[in-house]
Protein chains: 2
Amino acid sequence: MTTGPQFQPVQPVRAYERIVEQVEDALASGDLVPGQRLPSERELVAQFAVSRSTVREALRVLESNGVVRSRPGDPNGPEILPFSQSALRKQMVRLARVDELTLSELIGFRMIMDGAAIQVASRLRTPEELDELEETLVAMRAAIDVDFDAFSQADLAFHELIARISRNSLIQTCNEVVRGVVLSLISDKIAHAPNSRALMLESLHHHADVVDAIRTGNGHAAARLARQNMYDYYGGYVPDSEQETLRALVED
Amino acid sequence: MTTGPQFQPVQPVRAYERIVEQVEDALASGDLVPGQRLPSERELVAQFAVSRSTVREALRVLESNGVVRSRPGDPNGPEILPFSQSALRKQMVRLARVDELTLSELIGFRMIMDGAAIQVASRLRTPEELDELEETLVAMRAAIDVDFDAFSQADLAFHELIARISRNSLIQTCNEVVRGVVLSLISDKIAHAPNSRALMLESLHHHADVVDAIRTGNGHAAARLARQNMYDYYGGYVPDSEQETLRALVED
DNA sequence: ACCTGCGACTGGTCTGACCAGTGGACTAGG
DNA sequence: CCTAGTCCACTGGTCAGACCAGTCGCAGGT
């Protein structure tokens, strides 16, 4: 075996790919910001010196990735969209549907992220933010009397607040995305559970315990409670064969 | 305010979108499985009764989502790809690039994920996997004598192994993505640091401590060591104003 | 049996055309 | 002067047809 230069496999680069690349680079470097408009398709044809088919294929890819949106008749051209979690979530849902991501992986991920966020939050929170947390608890209590959707909404508000207090938007985004995926997988089962109301009440009490721990600044205990809460809430929907990993997360 | 029926905003559905939908549905229902081939573009034109431009836009979207791959000249037509997390990874990289994440957010995220992965791994690891971990330590030691890139490579192998042992591919994917982003931001600083070799040696010793903790099954201690290690290794590159959140993660 | 060269296909790109719809400019009416 | 209505240039969506470079399979020669 001769050890010559490391050649890379070469695959053809299509014209539309280089257009996508240019647009994404412009976005990453800040030359293009959300809200701005791209030139019209026919104008892009001139700028990139390609045909309209090629421009359109590039636009379709960008649109599918949630980068731009085209609307017919709009004289301003395609719009640069603000970053949205929908594309990220779409990919996760796809993987979850084909069992490439198991429910226990998703829930385990949430236990970790949410627990960590709560731990950090209990250290960084201001008195005002503690008040906000109490308010979300009140809202959750009220939502129980409406329906599961309302409770789910209030629960989301709680976790969004936690993520915000933890000062880490990456945790926040990941949490929201995975939360959405998990709910899309099992929300119907929870909503139709005969003891749905009891579950919601129990979850509320767990949340209140977490807030108590946050108030005393005991981040470790708060995180532990949060993980336990999530395990109690979702663990029943995880097949027995996958329970082990989740339990490893609950126990310290 | 009258509470009439909840109308949804209606946006036009484009022809290529319905093609994408049909293909994805066929995939979800199992009518189409990875490895199978789609008919050629001109055949799809006939089957969907649309123009080739429309078929091609659909194929570009599917290709961008990692569902199919077209190769020119292939008489078998576009190939249905096995499910992979590469599309998910692509979206996460986009998130990291666009969402203006601070270095402390990225590092904090890694401290959490890696710590959690190590904690779970110390519980679930088999004796064989423990051996594998020891081997990666040896590889890291050898890589120090080569250069920083080699060490970085060996370090990656260690963390990949940890993520695999933790039986959670979502953690693994997130870890790899964020690790790549962090390194792209500061790897040059680390590589050109005058005490680069000392840093690598120190990191190696920390990794060895982590493996020791894993061997004894003390997941909590292992995770704590891992977070401390990452803080020591990367913390110096984080501006003082963002140090607080990272310290909140190191201390329990 | 193996190699070789041809040809029928593939996807990638281009051109040019038509349509329905949008939104800004322009105009008629207040 | 301002407003309300009309109109039209232009948008994106789709289509048809063409050419090219490249690939694969097969027939025919060795």
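On a predicted model such as this, the values are computed, not experimentally measured, just so you know. Throughout, a chain's letter reflects where its sequence line sits, starting with A, and its residues are numbered from 1. Hydrogens, waters and symmetry mates play no part in the numbers below; they use all other heavy atoms, side chains included.
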* Structure fact -> A correct 5'-to-3' footprint of nucleotides 11-20 of chain D, with B, S and - meaning base, sugar-phosphate only and no protein heavy atom under 4.0 Å, is BBBBB--BB-

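Within the structure, salt bridge (Lys or Arg N to Asp or Glu O under 4.0 Å) pairs that include any residue of residues 171-181 of chain A comprise A:D155-A:R179 (at least two apart or interchain).
Under the side chain to side chain donor-acceptor pair (under 3.5 Å) criterion, A:E63 pairs with A:R60, B:R14, not counting sequence neighbours. Taking B:S169 as the reference, A:E105, B:Q85 meet the side chain to side chain donor-acceptor pair (under 3.5 Å) condition, with sequence neighbours excluded. In terms of the side chain to side chain donor-acceptor pair (under 3.5 Å) criterion, B:S241 has no residue partners (sequence neighbours excluded). For A:R18, the side chain to side chain donor-acceptor pair (under 3.5 Å) test picks out no residue, with sequence neighbours left out.
At whole-Å resolution of the value, CG in A:L44 and C1' in C:dT13 are 17 Å apart.
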